[in-house]
Protein chains: 4
Amino acid sequence: MEPINLSDYERAAQEKLPPEIYDYYAGGANDEMTVQENRSAYSRIRLQYRVLRDVSRRSLATAVLDHPLSLPILIAPTAFHCLAHPEGELATARAAARAGTIMIASMAATTAVEEVAQASAAIPGAPRPWLQLYILPDRGFTTEMVRRAEAAGCGALVLTVDSPVFGQRERDIRHRFHELPNGLSLANFTAAGGARPPQLEFKADLTWQDVSWLRATTNLPILLKGIVHPADACLALAHGADGVIVSNHGGRQLDTAVATIEVLPEIVDAVAGRLPILVDGGVRRGTDVLKALALGAAAVAIGRPVLWGLAVAGEAGVSSVLELLRRELDLAMALCGCASIEEINRELLRL
Amino acid sequence: MEPINLSDYERAAQEKLPPEIYDYYAGGANDEMTVQENRSAYSRIRLQYRVLRDVSRRSLATAVLDHPLSLPILIAPTAFHCLAHPEGELATARAAARAGTIMIASMAATTAVEEVAQASAAIPGAPRPWLQLYILPDRGFTTEMVRRAEAAGCGALVLTVDSPVFGQRERDIRHRFHELPNGLSLANFTAAGGARPPQLEFKADLTWQDVSWLRATTNLPILLKGIVHPADACLALAHGADGVIVSNHGGRQLDTAVATIEVLPEIVDAVAGRLPILVDGGVRRGTDVLKALALGAAAVAIGRPVLWGLAVAGEAGVSSVLELLRRELDLAMALCGCASIEEINRELLRL
Amino acid sequence: MEPINLSDYERAAQEKLPPEIYDYYAGGANDEMTVQENRSAYSRIRLQYRVLRDVSRRSLATAVLDHPLSLPILIAPTAFHCLAHPEGELATARAAARAGTIMIASMAATTAVEEVAQASAAIPGAPRPWLQLYILPDRGFTTEMVRRAEAAGCGALVLTVDSPVFGQRERDIRHRFHELPNGLSLANFTAAGGARPPQLEFKADLTWQDVSWLRATTNLPILLKGIVHPADACLALAHGADGVIVSNHGGRQLDTAVATIEVLPEIVDAVAGRLPILVDGGVRRGTDVLKALALGAAAVAIGRPVLWGLAVAGEAGVSSVLELLRRELDLAMALCGCASIEEINRELLRL
Amino acid sequence: MEPINLSDYERAAQEKLPPEIYDYYAGGANDEMTVQENRSAYSRIRLQYRVLRDVSRRSLATAVLDHPLSLPILIAPTAFHCLAHPEGELATARAAARAGTIMIASMAATTAVEEVAQASAAIPGAPRPWLQLYILPDRGFTTEMVRRAEAAGCGALVLTVDSPVFGQRERDIRHRFHELPNGLSLANFTAAGGARPPQLEFKADLTWQDVSWLRATTNLPILLKGIVHPADACLALAHGADGVIVSNHGGRQLDTAVATIEVLPEIVDAVAGRLPILVDGGVRRGTDVLKALALGAAAVAIGRPVLWGLAVAGEAGVSSVLELLRRELDLAMALCGCASIEEINRELLRL
């Protein structure tokens, strides 16, 4: 039967994908407590809805960093879309573009950023993709990636800051899943060519000075992804970031890390409107999106559900995931008495 | 074996009804968290009973809006009783009447309000039914329904305010359950006749002005059903409502909405006695009724259990459900040291 | 294998007893939430033990109402011991006497109080049993029972105050368990003889005036059993009671009533040492006894475990249950740094 | 498959060991609630990590009582290592030594302390083992053990203070597990020789005066193990102890005792830096170690996991357990933004 919600998509993808690939996407660090907690923290928040407000003309449109979006849901960066479907990141990019939202392309994509951007640009009126970036030990290649993103027309850079080292993902260890199958490659890296191709390595000595360096390197807006502490959000502001994505890497880095929705309010309070705050991790229902917005997020990003849609039906599957969530958010807004994103606020919540 | 409590009735009904009909009644929105929470919120409230009070002459009699009732338990409006039993709303109406309580007939009934009222009136001394109403986009038909309710002798109108749009009920989607079987119809609508029969459509632009309009249209008392926010209860008062039913539509509209018993106290406090407050959602035991009254409800309403009784044994089943609950409330009152409804108060509760 | 704790005794008894008898003893009112909560409330209390105190000479001896006891654990009144074992209350009485503690004989016993008292008295140095009493509509017979208790040498009367009516015990209803099997009788009632034998009926108009009446009728100490509200404990004091047993009738009367250990502290505080407070419900481990004493109870009483011991091995089984619990309490005291009952206090608890 | 975390080791050990030996190690007192709670209390603590700190040169090195350690994880004293593996304590000692940490040898070892110390000393640069001690009723033998520990070069004495009596371990009772199999002995006791060999007996009259006696007997540092109350930690300081190990004996003595990590903060606060505080019980993940350090522990100790490693692969298994935990702590530090043990503090925690 046709999937009717995001959980259906996960089940269908699990049936379709080889176990080691499903587990690579689904799994998290160690005991996966943060993976679970990201979800259950949303469930604990209760909606105290309002009634008898005119919600006949609803709009989910919003903007993040002046990029207009048809809905406050972005596509979080995730690696290796070609593992889920032959069309990989191209399918995702097209679905995002058609839905009127931003795909944050992963530096660890199986498709080069230029192709992703081109696929997006082919859809009239589509928002430009953003590029997720690690600052690598190889700073030259990092700079090259920034230039390529600029040239490809990316709208922003998303610097991942929660990965000085690689998290211990036990499903992958058990599957001995540590390299891409034949025919797939880290396209952004192989595209660089050269005698000694650049490697995806984490940089354990990454500091705020690297943020300043990146800030000086480009005029693109920079968002820092992976922040869960209000003090770090304030430092992001001080170092010239243009936005923050509250994220614990989907529970894939540090197990027993706080749930993102749980720390969102204090980060929003600390930043006090000086930066847009996005949040990812555990968003599976329209009501989750509404709760994040009510707590002050400018938008949310979804990661794994996009991969489930992609695995099940390629571009159409990603579109369907986005449209299911759009419809659920629309419904939740109507039932809470909100005709627009601006009307969603903390008074609707019982924490 | 004869059902001895309301859970037994649910199990028996589940065995008897086709799955899509059982699920239509039992199900709720999305993950059905609010359906569950409505129940479990009652269980978390503990009774700190009193002893050595004369409870030999107990009375469960009360009045809501000056309508005397033999027990503080009304029948909440639910759709399509003929799906549960061939005698449908007529059986329910007779059972309510014989029990000395009010049936709130649904606008989406499979029996016209005139017949429901007639069935009630045939029982000497029975309270008059109330009519639940949606204000439809077709205001003419809405007015017609008000007039018909007045003419049929209904005691009050219950305006549902939590349904600007229709909730996402996944059990129904999976069953593809979206229309009434052959021979059944929305009798209040078909009775209207005419070339282009009126449709049951939700009105997403319903506002407090519509409440004012309804208030001006009729002299019948008007209760607003579907309120969970104290601010909305105050607005109900300001717009001339005669009562409020704290309800989340049995968890069928907005999933993860607050449990009704959880927000009852703050609504009671906000309204401060200026309006009677009723509550529905999750009432399955006499102790639940007592808890709701202790928190300030004038009465409770039960929805699904009535349908289980109806499915199992028609009118006799509904009567049995009401009598089981009456007996349980009577017992709970005796064991708490309360001889009358007035003696039930918050001091009996440990929240 | 030999039972090594009270749960083992319950399992062994369940295997041995006919289901309707096991369920009569094990069951509680309605959904049995209070039965469970009585237990789990103990488990939630954590012990923050002390070390390096001399616990080499430990004494569990205590006194309640100047009756010396070898351990702070009484036998709570429970009905129908002959259902569990042919020797019934006599076996229980002997085991209690040999253990140096008080059996509170039930008015609803299958053995007359005179025989119970005689069985006790046959053990040199044994504490005298107490008699649990309902004040019946038949006041003459009630007076007669008081006189018989006095004559039999009972040490106190325990007036049950939580039973104006009979709780709804669904296991019994399903088993249609409502009368004693052939050969068994309510011996205290049949012993009364007479043309029209007295009946065990609950008195729904029982009030504090009946307590005053009982107070005036006898010089025996009177404890009120079934109190969970501090206000009622204060009224007990005001009406001349000599003690209070915090009890919810083992969860058999009002379901979702508060757990006894949860309300014990506030009752202890309200009474402020002017009356001894006992507690029953959910005591299954020596650490439970220690927790109750730490919260201010003078002693605890155990009901169902005694019946499990009785069912498994008659007098020897009851003795074993008492000795297991004595040993566990002794161990818990040693491990908490308490050599005597007086040294147990709230500082050992983390609530 | 190769174990990849400590839970894997437990499962593998359970498959390998006879049930009565696995249960002897795994079990705890009574219902084993404290065993569970020791674990789950860690899981409830959430990490609110920091980012963009240079963690490229991380050090796990620390010192306890001026003994340098390569990681803040000691081996807690546990009895009878030869039950787990023929090489017993010698294998454990070698693994600890090679890992650069301290083994706290148990007085109830199956290998004499002299041999343990010798095995350690054979590894160049290894920290000296410590000896866990009970003060026995036989004070002469106790003194002898102290002298032997001194002579063997032990670095400290760990006096167990939570065992005035022996806890009730129901798994052992059910297995009738109460003596060592043929060929194994309490080597520290048998080594003493003599006509009437000394016995391992608990001393129920152990008091703070015995601590003073031990303090006067030796110049070795003395740590008290088994404290969970801040008042006792302060008494430890007053009686000349050099350190405290917050421990509830792995949940093997008093069931429903508080979880050690739960009381650590208040003990740290009470002692206010005047003594190093260690903690054991429930440490299974690198994040657990980090949490304990963040709450003020100088180091943690692990007991059962060492036995699982030993059972699975002798010395190599113990090494593997230590290295897995080292790697996990290293990873957790990196992901929390801590390059050294000193940088770990309470601000990383959300309790």
Considering only heavy atoms and a distance below 4.5 Å, find which of B:N5, B:L331, B:I4 pairs most often with chain C.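 The answer is B:I4.
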For each of C:Q209, C:E262, C:E266, tally heavy-atom pairs with chain B at distances under 4.5 Å, and name the one with the top tally.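 Among C:Q209, C:E262, C:E266, the one with the most close pairs to chain B is C:E266.
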Shorter than 4.5 Å, heavy atoms on both sides: which option in C:T207, C:L224, C:V263 has the most such pairs with chain B?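 Option with the greatest count: C:T207.
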In residues 159-173 of chain C, which residues are in contact with chain B at a heavy-atom separation under 4.5 Å?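 If one takes a 4.5 Å heavy-atom cut-off, the residues of residues 159-173 of chain C near chain B are C:V161, C:D162, C:P164, C:V165, C:F166, C:G167, C:Q168, C:E170, C:I173.
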Non-hydrogen contacts under 4.5 angstrom with chain C: give the residues of [range] involved, or none if there are none.
{"range": "residues 27-60 of chain B", "value": "B:S43, B:I45, B:R46, B:L47, B:Q48, B:Y49, B:R50, B:V51, B:L52, B:R53, B:D54, B:V55, B:S56, B:R58"}
{"range": "residues 285-298 of chain B", "value": "B:R285, B:T287, B:K291"}
{"range": "residues 335-351 of chain B", "value": "B:L335, B:C336, B:E347, B:R350"}

Segment of C:A231 engaging chain B (4.5 angstrom heavy-atom cut-off):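 Both parts, heavy atoms under 4.5 Å.
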